[in-house]
Amino acid sequence: MEKITVIKGFKDILPEDTPNWCRVESIARLVFSSYGFREIRVPIMEKTELFKRSIGETTDIVEKEMYTFCDRDEELLTLRPEATASVIRAYIEHNMFSAEQVTRLFTLGPMFRRERPQKGRFRQFHQIDVELFGDDKPQSDVEVILMLVHFLESCGLTQLALEINSLGCKACRPAFSKAVVDYLKGSEKELCPDCQRRMITNPLRVFDCKVESCISIIAHAPRILDYLCTGCEDHFAAVKSYLNDLHVKYEVNSAMVRGLDYYVRTAFEVKSGALGAQNSLAGGGRYDGLVSDLGGPDVAGIGFGIGFERLLTCLPDLEKSKYRTDLFIAALGQRAQKIGFMLACQLRRAGITAAMDYSDKSLKSQMKRADKLNSSYTLIFGDKEIDEKRLELRNMNTKNQQVLPLDNLLDSIINIIKER
RNA sequence: GUGGGUGUAGCUCAGUUGGUUAGAGUGCCGGGUUGUGGCCCCGGAGGCCGAGGGUUCAAAUCCCUUCACUCACCCCA
């Protein structure tokens, strides 16, 4: 019989790893809550239209990476490639804007993009996603960036590289795009084929190219920061000033452009050297105008996403989770097995991790099992102990053994274990 | 979608210029005198050498095809 395997680019998260996931999740909840962010959970599927309108029809994500299928009633549905669109949809749908001026939300869960998998990139991957609606002041940019840094540091990450940039707005970006195209036309033939194509489709993407010759051409290209309108310039200056005051280290990377069409003004990214080619650990930016594009009120927005798997690969002290057992019951013989089983069931109901072997194996073998399960204590008994009503309780660390009376056995074990 | 690398035991990997019954470490199970774990010693189970085809007296080894994994490009978290 042929084995059925997981889908390419999808991963099982095994028991030895799940505690690490839980740990990071609880740090996120803790840190975000102190900034006033509340958790929202949105579906992993949406109508395809939602992503087309938010992310942009001509982006790679929408053009070739989405898992889209036709439902039985002919409706086009898509497994979410990112969370922002869904959160905005929910924000609008539940009229959250009328409940409060500023809304702070976060969510976490799986995202889906049909790319070729490689290090730090999977078809199902997980993101922690943060969104702040209803405030266009630079302080909210700073708050969100600071929270991101705070969170990553709380996870134990060091040597983070924060890069920020301003992408301009609807008013000033078109002029910049044109200037870039004009500049590139001069040396069009020296550009790599990809960049020649980008010139037409999405000129700003040329800044992302890693080809040696393109990099040297782009080094002298116009900089977005020289084309910002007064509003964008003031906004960006304020963001930088606050970050300086807060001693948040960052680099301005005027070549940083982001792959989702909706970003305006502040864009930021956190990179790590531990990741390989896909070195972007978290990224986000401002998206004023997107909420109204999706049918909501004209409110500002800013947010970011953190790659969960990428974050985990950056963590320095990742440990595989081991077994941990309070009490192992080594029962010898049929009578002992029966008593032991009843005891195990009762202990578990009392919240104590109790384990035993249901087949009547040799004591040596049961002791080995107890050791493997990292048990703190092992209760040892057979016919002799039952007849004498005196059971042996071995402390596995000290090797001391004490005698426990069969009467009130449950309570005395609970007391001993809870005292530790 | 395009390249490169790798596929041998549950896991990590050896395997010579093609040559007997394919190995090690680790893990798993059992044993080392009656009922006491970790260390040590002994034994056992576990492989269609990724799959299919070809060359040859003979293929894990050489050739072709294919699949999977992986890294990189594209792009992004």
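In what follows, every chain begins at residue 1, and chains take the letters A, B, ... in the order their sequences are listed.
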Atom [atom1], compared across [N] and [M]: separation rounded to whole Å:
| N | M | atom1 | answer |
| --- | --- | --- | --- |
| G47(B) | G23(B) | P | 14 Å |
| A22(B) | U16(B) | C1' | 14 Å |
| C13(B) | U70(B) | P | 14 Å |
| A9(B) | A45(B) | C1' | 11 Å |
| C48(B) | C41(B) | C1' | 35 Å |
| C74(B) | A68(B) | P | 24 Å |
| U55(B) | A60(B) | P | 16 Å |
| U8(B) | G50(B) | P | 6 Å |

Any base atoms under 4.0 Å from [X], or only sugar-phosphate, or nothing? Heavy atoms, all strands.
| X | result |
| --- | --- |
| K271(A) | nothing |
| F122(A) | base |
| T5(A) | nothing |
| K320(A) | nothing |
| K384(A) | base |

Donor/acceptor link under 3.5 angstrom from E65(A) side chain onto base of C75(B): no
Nearest-angstrom distance from the residue atom [atom1] of [X] to [atom2] of [N]:
| X | N | atom1 | atom2 | result |
| --- | --- | --- | --- | --- |
| W21(A) | A77(B) | CH2 | P | 17 Å |
| R310(A) | C75(B) | CZ | P | 14 Å |
| D360(A) | G35(B) | CG | P | 11 Å |
| R114(A) | A77(B) | CZ | P | 20 Å |
| L148(A) | A77(B) | CG | P | 13 Å |
| N279(A) | C75(B) | CG | P | 14 Å |
| E63(A) | C75(B) | CD | P | 12 Å |
| R123(A) | A68(B) | CZ | C1' | 13 Å |

* For T58(A) and E63(A), does a side-chain donor sit closer than 3.5 Å to a side-chain acceptor? ->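 No pair is found: no donor N or O on one side chain lies under 3.5 Å from an acceptor on the other.
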Quick one: is [N] close enough that its OP1 or OP2 comes under 4.0 Å of any side-chain N or O from [X]?
| X | N | result |
| --- | --- | --- |
| Q118(A) | A72(B) | yes |
| Q366(A) | G35(B) | no |
| S362(A) | G31(B) | yes |
| K8(A) | C67(B) | no |

Looking at [Y] and [X], is any side-chain nitrogen of the basic one under 4.0 Å from a carboxylate oxygen of the acidic one?
| X | Y | result |
| --- | --- | --- |
| K137(A) | D135(A) | no |
| R41(A) | E39(A) | yes |
| E82(A) | R113(A) | no |
| R335(A) | D387(A) | yes |
| D293(A) | R53(A) | no |

| message | Between F308(A) and F125(A), is the ring centroid distance below 6.0 Å? | response | no
If you take the centroid of each ring, where Trp contributes its six-membered ring, are Y35(A) and H150(A) closer together than 6.0 Å? yes
Check: For F125(A) and A77(B), is the gap between ring centres under 5.5 Å while the planes differ by less than 30°?
Finding: yes
**OP:** Fit a plane to each ring of F133(A) and Y91(A), take the angle between them on a 0 to 90° scale, and name the class: parallel (under 30°), tilted (30 to 60°) or perpendicular (over 60°).
**Re:** parallel
Practice prompt. Anything under 30° is parallel, anything over 60° is perpendicular, the rest tilted; go ahead and classify F10(A) against F112(A).
Written response: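 The rings of F10(A) and F112(A) sit tilted, inter-plane angle from 30° to 60°.
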Per atom distances to the R113(A) side chain, the nearest of G30(B), C73(B), A77(B) is A77(B)
Note: for G284(A) and K119(A) on RNA chain B, the residue whose nearest nucleotide lies more 5' is K119(A)
Between G9(A) and A282(A), name the one whose nearest nucleotide on RNA chain B is closer to the 5' end.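 Per heavy-atom nearest nucleotide, the more 5' residue is G9(A).
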Next item on the list: Only counting residues at least two apart or in another chain, list the ones meeting side-chain hydrogen bond (donor to acceptor under 3.5 Å, both in side chains) with E251(A).
Entry: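 Testing E251(A) for side-chain hydrogen bond (donor to acceptor under 3.5 Å, both in side chains), a comparison that skips the adjacent residues, returns none.
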So side chain to side chain donor-acceptor pair (under 3.5 Å) across residues 406-416 of chain A, not counting sequence neighbours, yields none
For D129(A), the salt bridge (charged side-chain N to carboxylate O under 4.0 Å, His left out) test, sequence neighbours excluded, returns none
Discussion item. Would the distance check show the side chain of R121(A) and the main-chain N or O of R116(A) forming a donor-acceptor pair, the cut-off being under 3.5 Å?
Written reply: yes
Each base of RNA chain B marked ( ) or [ ] if paired in-strand (Watson-Crick or G-U under 3.5 Å), | if paired to another strand and . if unpaired gives (((((((..((((.....[...)))).(((((.......))))).....(((((..]....))))))))))))....
Contact check, residues 24-46 of chain A vs RNA chain B, heavy-atom distance under 4.0 Å, returns none
Under a 4.0 Å heavy-atom criterion, the protein footprint on nucleotides 36-51 of chain B, written with B, S and -, is BBB-------------
